Structures are given as structure tokens and as C-alpha cells.
Enquirer: 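The structure under discussion is supplied below as C-alpha cells; questions concerning it will follow.
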Amino acid sequence: LCRKVKVSVDQRAQALFPENMAGMVRIRTKSGEFETLVKIPLGEPDNFLGADAFKAKFDGLAEPYLGRDQCDKLADALMQLEQAPSLGAVMALSRT
């Protein structure tokens with residue numbers, strides 16, 4: 001699949017920089033060509049992830065390495081980081 005991916009600078013996306021980290025995707029299929037310009041990517045301050053989407057992304061990245069239980073404990077600790085007695089205790093949850 002990587003051999004089918006080509007990367008280039010899109011002038012429409014480039015014109016929106018540095019105010020926005022825009023990006024353009026163009027997909028060519030047997031049915032035709034489709035493209036979308038994303039002016040404000042998901043995760044940017046003006047298009048931030050909601051709590052449920054944020055947790056789902058965290059789970060998808062951390063759970064394969066930590067397991068469900070430890071992933072949940074780490075997520076809870078991170079969400080309450082300001083009240084943590086020690087950063088070391090929180091970071092310990094990130095290790096298996």
C-alpha cells in the first residue's frame with residue numbers, strides 16, 4: 001500500500017499556513033477521484049477532540065501495550081494529574 005501513496009505540497013493547504021495546519025487528501029479509485037481539504041485538523045485547538053473521542057484514541061494507542069485495566073488506571077490518573085501527589089506514581093502506570 002505504501003508504494004501507492006505519493007506526498008506533495010498542496011498550494012491550497014500551504015496558503016493556510018501558519019494559521020492552520022491544513023492538509024489535502026486525494027484518493028484515486030476505479031470509481032473516480034475524490035479529494036478533501038481539511039483546514040483545521042482534528043486535535044487542533046479550534047477543532048479539539050471531545051472527551052469520548054479523546055479517551056477512545058488514548059485507549060487505542062495505550063491498551064495494546066498496557067491492557068484494559070492498567071490503561072483505565074493511567075487514563076484516570078492523567079485526567080486528575082493536578083491532584084496527583086507524585087508524577088512518578090502516575091508515570092509508573094505507563095509501564096508494564
Side-chain angles (χ1 to χ4, degrees):
L1 185 62
C2 288
R3 285 182 253 149
K4 295 182 178 187
V5 175
K6 296 179 181 138
V7 178
S8 63
V9 175
D10 182 85
Q11 293 306 314
R12 292 169 287 183
Q14 191 70 17
L16 297 169
F17 183 81
E19 290 82 19
N20 292 303
M21 297 292 291
M24 168 67 77
V25 64
R26 182 177 300 122
I27 299 172
R28 191 173 301 138
T29 71
K30 292 177 184 176
S31 301
E33 191 170 292
F34 307 89
E35 70 176 40
T36 298
L37 173 67
V38 177
K39 292 180 182 179
I40 305 172
L42 190 58
E44 289 292 309
D46 290 338
N47 192 13
F48 204 69
L49 292 164
D52 291 341
F54 190 81
K55 178 71 165 74
K57 183 169 184 170
F58 179 84
D59 290 348
L61 294 169
E63 190 175 338
Y65 302 97
L66 300 176
R68 163 63 42 207
D69 186 51
Q70 193 165 346
C71 180
D72 286 342
K73 288 178 184 176
L74 177 58
D76 290 343
L78 290 170
M79 294 305 289
Q80 300 173 33
L81 190 58
E82 291 178 357
Q83 290 82 31
S86 157
L87 184 57
V90 174
M91 294 309 296
L93 293 170
S94 70
R95 294 186 285 275
T96 56

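Quantities reported herein were computed from a predicted structural model and do not represent experimental measurements. Side chains are part of it too, since the values below use all heavy atoms of this structure and drop only hydrogens, waters and symmetry mates. We number each residue from 1, following the sequence as shown.
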Enquirer: Using 0.5 Å steps for rounding, measure from the CZ atom of Arg26 to the CG atom of Leu37.
Expert: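 Spacing of CZ (Arg26) from CG (Leu37) equals 10.5 Å.
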Enquirer: Count the heavy atoms belonging to other residues, nucleotides or ligands that lie under 6.0 Å from NZ of Lys39, then report whether that count exceeds 12.
Expert: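 Open.
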Enquirer: Give the minimum heavy-atom separation between Val90 and Ala84, together with the two atoms involved.
Expert: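 Minimum heavy-atom separation between Val90 and Ala84: CG2-CB, 3.8 Å.
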Enquirer: Is there a path of hydrophobic side-chain contacts, each under 4.5 Å between heavy atoms of I/L/V/M/F/W/Y residues, joining Leu81 to Met91?
Expert: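 Yes; tracing contacts between hydrophobic side chains, which count when under 4.5 Å, links both residues.
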Enquirer: Walk me through whether Glu33 and Ile27 qualify under side chain to side chain contact (heavy atoms under 4.5 Å, CB included).
Expert: CA-CA 6 Å; Glu33 191 170 292; Ile27 299 172; over 6 Å; no
Enquirer: Could you state whether Met24 and Ile40 fall into the same hydrophobic cluster, counting links through intermediate Ile, Leu, Val, Met, Phe, Trp or Tyr residues with side-chain heavy atoms under 4.5 angstrom apart?
Expert: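 No, Met24 does not connect to Ile40 through the hydrophobic network.
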Enquirer: Less than 4.5 Å apart, any side-chain heavy atom of Asp72 and any of Glu63?
Expert: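 They are not in side-chain contact.
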Enquirer: Should Arg28 and Glu35 count as side-chain neighbours, where that means a heavy-atom distance under 4.5 Å?
Expert: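 Of all side-chain heavy-atom pairs linking Glu35 with Arg28, none is under 4.5 Å.
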Enquirer: Is the closest basic N to carboxylate O distance between Lys55 and Asp76 below 4.0 Å?
Expert: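 A salt bridge is absent here (no side-chain N lies under 4.0 Å from a carboxylate O).
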Enquirer: When hydrophobic residues are tied together by side-chain contacts of less than 4.5 Å, even through go-betweens, does Val38 share a cluster with Leu16?
Expert: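 No.
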Enquirer: Heavy-atom distance under 4.5 Å between the side chains of Phe58 and Leu74, does that happen here?
Expert: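 The answer is yes, as the side chains (C-beta and beyond) meet within the 4.5 Å cut-off.
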Enquirer: Does a side-chain heavy-atom distance below 4.5 Å link Leu93 with Leu78?
Expert: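 They are not in side-chain contact.
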Enquirer: Keeping the roles fixed (side chain from Gln14, backbone from Ala22), state whether a donor-acceptor pair exists under 3.5 Å.
Expert: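 Not at all, since once roles are kept as given, no pair shorter than 3.5 Å links the two residues.
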Enquirer: Nearest 0.5 Å please: distance from the CG atom of Asp59 over to the SG atom of Cys71.
Expert: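 If I round to the nearest 0.5 Å, the distance is 4.0 Å.
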